[in-house]
K.L.:
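Questions regarding the structure given below will be posed in turn.
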Number of protein chains: 2
Amino acid sequence: MHENRPGTARERLLAAALDLFAEHGVSGTSLQMIADRLGVTKAAVYHQFQSKDDIVLAVIHPALERLGPLADHAEAQRGQTARRETVLAGIVDLVVDERKVTTTLSFDPVVKRLVSAHPALRSLHRIRQLLGGSAPDPGSRVRIAVLSGGLIMAGADPAVKGLDDEDFRDHLLAAARRILKG
Amino acid sequence: MHENRPGTARERLLAAALDLFAEHGVSGTSLQMIADRLGVTKAAVYHQFQSKDDIVLAVIHPALERLGPLADHAEAQRGQTARRETVLAGIVDLVVDERKVTTTLSFDPVVKRLVSAHPALRSLHRIRQLLGGSAPDPGSRVRIAVLSGGLIMAGADPAVKGLDDEDFRDHLLAAARRILKG
DNA sequence: GTCTATAAGAAGATAGAC
DNA sequence: GTCTATCTTCTTATAGAC
């Protein structure tokens, strides 16, 4: 009896891969580990994806595909303040919705290599530009750097585990405004 | 002639390892890569260290050994404000001095596994306690999470690369106070 | 401190049957 | 969609000579 769990085989594979990436990192996760977690063999994994890089790209895709529209929407606002507010809200929504992906993979060396050759890299630069404006002074640059790292990694903190998405989003936005305002 | 570069063989090995960990992550770095960078064989690496874990522990040791004294010094202050200021300054000094280690390895799955079985874990908890006080409300918990991630990862940001240590430290401390101050 | 040589296993990936 | 079997390469680690 093939009693499959919910979702397609592909979706179940991506969920298992993300869990394992979160625990062991991308390089520390083998295709064998992914196959074992699903109760299948490596060959079944290769039926769904051509390579390990393809699996990683598919895992980060839901997050990456939101970057372009987010940048578009923010750039359409009138005035730098409105643009910054819009991009900040969008980024916070993204890191809350996709916190497992962003905390686990944003700083993973394998992911950084793949993203550096990905179209979404442009959107990332646009978002960065919107957040920082043209930030020539060192103080602003450091604040943006702290904000970026803080927003991305906050979701990984044990002290935040209990919060539901709505509370997390509100407090994250408040913390972000503290860093930027003034 | 064996024209050695500055430092002992052990020090050169640890510097090479840190460079490679920064680029490829711990799991993505093999002993062969470390040996190649030094122009020696794997066997020469095994003469200095018993295992790969030993190399990782030696790389993070300079950062870990500062945590205990930092916590001691902060806890010796009178008043919660003074304790928080002291721990904040100490943490900022640490992430500035050791930014390559902290940005590269703080969130590496291999390092997290090793630190979870390391005596310095206690110091980390003490520092966290000093930073957050007893922070029961969600807003404070999120702010501390953002601060932690932000302080650790800020040094990895390209926009910060040009700053010298003194400027980086001052601006980092200012950013941290923005997040915390009530 | 460094070398050669090698073990023993796991890695990513492919071929072809069912 | 999943399997067995296999290939090639790389991995950590050890033994022993110089």
Side-chain angles (χ1 to χ4, degrees), chain A residues 1-60 104-105 108-115 117, chain B residues 1-60 105 108-114 117:
Chain A
M1 285 253 273
H2 295 269
E3 200 61 38
N4 285 336
R5 281 159 293 175
T8 65
R10 181 189 165 95
E11 285 165 350
R12 280 180 283 120
L13 195 158
L14 292 177
L18 177 54
D19 280 352
L20 288 163
F21 292 161
E23 191 172 355
H24 306 284
V26 174
S27 287
T29 301
S30 70
L31 298 188
Q32 187 66 65
M33 290 161 75
I34 297 173
D36 286 349
R37 174 148 311 196
L38 296 168
V40 300
T41 62
K42 271 190 297 180
V45 171
Y46 274 106
H47 178 73
Q48 308 281 346
F49 296 95
Q50 292 193 337
S51 69
K52 189 182 179 182
D53 279 1
D54 279 1
I55 297 175
V56 177
L57 283 168
V59 168
I60 63 180
T104 300
L105 297 173
D108 187 291
V110 173
V111 173
K112 285 200 279 188
R113 171 175 58 77
L114 291 172
V115 169
Chain B
M1 279 304 266
H2 295 267
E3 199 60 41
N4 285 336
R5 282 157 292 172
T8 64
R10 181 189 164 95
E11 285 165 350
R12 279 180 283 121
L13 195 158
L14 292 178
L18 177 54
D19 280 351
L20 288 163
F21 292 160
E23 192 171 355
H24 306 285
V26 174
S27 286
T29 301
S30 69
L31 298 188
Q32 186 66 63
M33 290 162 74
I34 296 172
D36 287 349
R37 174 149 310 194
L38 296 168
V40 300
T41 62
K42 272 187 299 180
V45 172
Y46 273 106
H47 178 74
Q48 308 281 346
F49 296 94
Q50 291 193 338
S51 70
K52 190 182 177 182
D53 278 1
D54 279 0
I55 297 176
V56 177
L57 283 169
V59 168
I60 63 179
L105 297 173
D108 187 292
V110 174
V111 174
K112 286 200 278 187
R113 172 176 58 78
L114 291 172

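We name chains A, B, ... by the order of the sequence lines, and we start the count at 1 in each one.
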K.L.:
Could you write nucleotides 11-18 of chain D as a row of B, S and -, 5' to 3', where a protein heavy atom under 4.0 Å of any base atom gives B, of only sugar-phosphate atoms gives S, and otherwise -?
P.N.:
SBBBB---

K.L.:
So, applying side chain to side chain contact (heavy atoms under 4.5 Å, CB included) with I34(B), which one of V40(B), L13(B), L14(B) is it?
P.N.:
L13(B)

K.L.:
What integer distance in Å separates I34(A):CD1 from dA10(C):C1'?
P.N.:
15 Å

K.L.:
Is there a side-chain contact (heavy atoms from CB on, under 4.5 Å) between D54(A) and Q48(A) once you walk through the steps?
P.N.:
CA-CA 10 Å; D54(A) 279 1; Q48(A) 308 281 346; over 6 Å; no

K.L.:
Run the side-chain contact (heavy atoms from CB on, under 4.5 Å) test on L105(B) and F21(B) for me, step by step, so that the C-alpha distance in whole Å, both residues' side-chain angles and the decisive distance to 0.1 Å come before the verdict.
P.N.:
CA-CA 8 Å; L105(B) 297 173; F21(B) 292 160; 4.1 Å; yes

K.L.:
Please check this pair: side chain of T29(A) against backbone of H24(A), looking for a donor-acceptor N/O pair closer than 3.5 Å.
P.N.:
no

K.L.:
What's the angle between the local helix axes at either end of the helix from dG1(C)-dC18(D) to dC18(C)-dG1(D), using five pairs per end and rounding to 10 degrees?
P.N.:
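Taking the rotation axis at each end, their angle is 10°.
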
K.L.:
Grab the CD-C1' distance between Q48(A) and dC3(D) for me, whole Å please.
P.N.:
14 Å

K.L.:
Might you point out which heavy atoms bring P109(A) and G25(B) nearest each other, and give the distance in Å?
P.N.:
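Closest approach of P109(A) to G25(B), heavy atoms only: CG-N, 3.4 Å.
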
K.L.:
So, OP1 or OP2 of dC3(D): does either fall under 4.0 Å of a side-chain N or O from T41(A)?
P.N.:
yes

K.L.:
Kindly say whether V26(A) contributes a backbone atom to a donor-acceptor pair with the side chain of K52(A) at under 3.5 angstrom?
P.N.:
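It does hold such a pair.
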
K.L.:
For residues Y46(B) and S51(B), report the shortest heavy-atom separation together with the two atoms involved.
P.N.:
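Heavy atoms only, the tightest pair is CE2-CA, 4.4 Å.
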
K.L.:
Short question: side chain of E11(B), backbone of T8(B) - any donor-acceptor pair under 3.5 Å?
P.N.:
yes

